[in-house]
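Okay, structure first, notes after.
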Amino acid sequence: MASRVASRYVKSLLDLAVNQGSLDKVHTDMQLLSNTIEGSRDLELMLKSPLIRHDKKNSILAAIFKSKVTALTMAFIDILTKKNREPLLPEIAKEFHNAFNVYKGIGKASVTTTVPMDAKTRADFEAIVRKLSNRKEVELEEKVDKDLIGGFVLNVEDKQIDASIRNNLKKLKLKFSENPYIKDF
């Protein structure tokens, strides 16, 4: 859950991007920001550091992103640094993606399997998610968990389908523990 301040910035940026007709470009910019900050611990620490002046942070961010993002995104970064809110940039960038999905009506789901999925399996799961969520577009997050033994766990909105062997073994163990034919002395 995003902080209240970050949510306000996300809403403002989303509204502005929609009004300027550059929502998809700003979304791409926010994903670039999020991935870059997530991939660089030094950049993340620099944004949070109270020792580095805000104008220095702004010049560093401009040097990194100016040629890669839209003018709207750079103006947004500039406003954040002038208001001393640059530590929120990673959170804002991530939350913008969620707000973009809500605005576009893109469903979100996650599937956990024991092995990475191939293209056909991924397409099959996307079709299932579209049907369960009544959405035309879906974003499927894939996870691999060898402890499932086999099968899958699919989470779509507030629904979960657990068709894993691990879950079936737990159910079987519970059923055997309730055996009425064995008397405890």
Side-chain angles (χ1 to χ4, degrees), residues 1-3 6-7 9-41 43-44 64-65 68-70 72-73 76 88-179:
M1 186 83 186
S3 70
S7 294
Y9 279 106
V10 167
K11 184 178 178 345
S12 298
L13 181 60
L14 184 78
D15 291 344
L16 192 57
V18 168
N19 289 339
Q20 292 188 2
S22 60
L23 180 60
D24 291 329
K25 291 177 184 173
V26 172
H27 177 247
T28 303
D29 293 347
M30 288 293 124
Q31 285 185 309
L32 174 68
L33 280 167
S34 182
N35 292 337
T36 304
I37 293 168
E38 202 172 278
S40 172
R41 179 137 170 81
L43 182 58
E44 186 177 354
I64 295 171
F65 295 110
K68 298 174 184 162
V69 298
T70 62
L72 175 59
T73 303
F76 180 74
L88 294 174
L89 193 55
E91 184 180 0
I92 290 169
K94 284 183 181 179
E95 189 57 33
F96 189 86
H97 178 68
N98 295 333
F100 175 84
N101 283 350
V102 169
Y103 181 82
K104 291 280 194 167
I106 299 171
K108 194 169 184 177
S110 69
V111 63
T112 307
T113 57
T114 55
V115 294
M117 293 189 292
D118 60 7
K120 184 190 179 324
T121 307
R122 188 175 302 107
D124 291 343
F125 273 111
E126 287 174 354
I128 291 167
V129 170
R130 278 194 293 279
K131 187 174 181 181
L132 287 173
S133 66
N134 295 322
R135 308 275 180 150
K136 292 180 181 177
E137 278 188 70
V138 295
E139 180 179 292
L140 189 63
E141 178 186 350
E142 299 175 36
K143 300 175 188 171
V144 175
D145 181 2
K146 300 215 183 288
D147 292 337
L148 291 181
I149 304 170
F152 63 90
V153 178
L154 178 63
N155 292 300
V156 181
E157 294 169 358
D158 61 347
K159 302 172 192 110
Q160 182 179 40
I161 300 169
D162 191 341
S164 66
I165 292 175
R166 177 178 66 187
N167 186 47
N168 290 336
L169 288 173
K170 282 182 185 177
K171 287 179 186 176
L172 194 57
K173 182 178 179 182
L174 181 63
K175 194 171 185 178
F176 280 137
S177 70
E178 297 171 354
N179 189 342

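- Salt bridge absent: E157 and K108 never bring a charged side-chain N and a carboxylate O closer than 4.0 Å.
- Residues V69 and K25 are not in side-chain contact: their nearest non-hydrogen atoms beyond the backbone lie 4.5 Å or more apart.
- The closest side-chain donor-acceptor pair between T121 and D118 falls under 3.5 angstrom.
- With a 6.0 Å radius and a threshold of 12 heavy atoms from other residues, nucleotides or ligands, K159 has its NZ atom above the threshold.
- In this structure, M30 CE and L14 CG are separated by 11.0 Å, a value rounded to the nearest 0.5 Å.
- Between I161 and the options V153, L132, N155, a side chain to side chain contact (heavy atoms under 4.5 Å, CB included) holds for only L132.
- Judged by distance alone, with hydrogens and angles left aside, the side-chain atoms of E91 form a donor-acceptor pair with the main-chain N or O of S3 at under 3.5 Å.
- Judged by distance alone, the side chain of S40 and the main-chain N or O of T36 form no donor-acceptor pair under 3.5 Å.
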Exercise. Just do the side chain to side chain contact (heavy atoms under 4.5 Å, CB included) check on I165 and L148 with the steps written out, would you?
Key: CA-CA 6 Å; I165 292 175; L148 291 181; over 6 Å; no

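- Between F100 and H27, the ring-plane angle classifies as parallel under the 30° and 60° cut-offs.
- Between L88 and A6, the closest heavy-atom pair is CD1-N, 4.4 Å.
- Remark: side-chain polar atoms of S164 are paired, donor with acceptor, to backbone N or O of N167 under 3.5 angstrom.
- When ring centroids are compared, Y9 and F96 stay outside the 6.0 Å threshold.
- Checked by atom type and distance alone, the side chain of S22 never pairs as donor or acceptor with a backbone atom of V18 at under 3.5 Å.
- Counting all heavy atoms, side chain and backbone alike, V115 lies closest to T113 at O-OG1, 2.6 Å.
- Within 6.0 Å of atom CD in E137, 12 or fewer heavy atoms from other residues, nucleotides or ligands are found, so the atom counts as exposed in its surroundings.
- Put simply, the side chain of S34 never gets that close to the backbone of Q31: no donor and acceptor are under 3.5 Å apart.
- Using a 4.5 Å heavy-atom threshold, the side chains of L172 and F176 count as touching.
- Taking each heavy atom of P90 and I37 in turn, the nearest pair found is CG-CG2, 3.7 Å.
- Distance CG/L89 to CG/L43: 8.5 Å, rounded to 0.5 Å.
- Here the closest heavy-atom approach between residue K68 and residue D29 is recorded as O-OD1, 4.0 Å.
- For R122 and E142, the salt-bridge test passes: some basic side-chain N is under 4.0 Å from an acidic carboxylate O.
- Once rounded to the nearest 0.5 Å, the distance linking CG of L23 with CG of L16 reads 11.0 Å.
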Practice problem: Let me see the working for K143 and V111 under side chain to side chain contact (heavy atoms under 4.5 Å, CB included), right down to the final yes or no. | Solution: CA-CA 6 Å; K143 300 175 188 171; V111 63; over 6 Å; no

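- Put simply, CD1 on I106 and CG on N98 are 11.0 Å apart, with the number rounded to the nearest 0.5 Å.
- Side chain of T70 to main chain of T73: a donor-acceptor pair is present (N/O by atom type, distance under 3.5 Å, no hydrogens or angles).
- Listed by chain and number, the residues in a salt bridge (Lys or Arg N to Asp or Glu O under 4.0 Å) with D162 amount to none (sequence neighbours excluded).
- When all heavy atoms are compared, the tightest approach of V144 to P116 is CG2-N, 3.9 Å.
- Taking OG1 of T114 as the start and CZ of R166 as the end, the distance is 11.0 Å to the nearest 0.5 Å.
- The line from OG1 of T28 to NE2 of H97 is 11.0 Å long, rounded to the nearest 0.5 Å.
- What you find for V156 and S133 is that their closest heavy atoms are CG1-CB, 4.0 Å.
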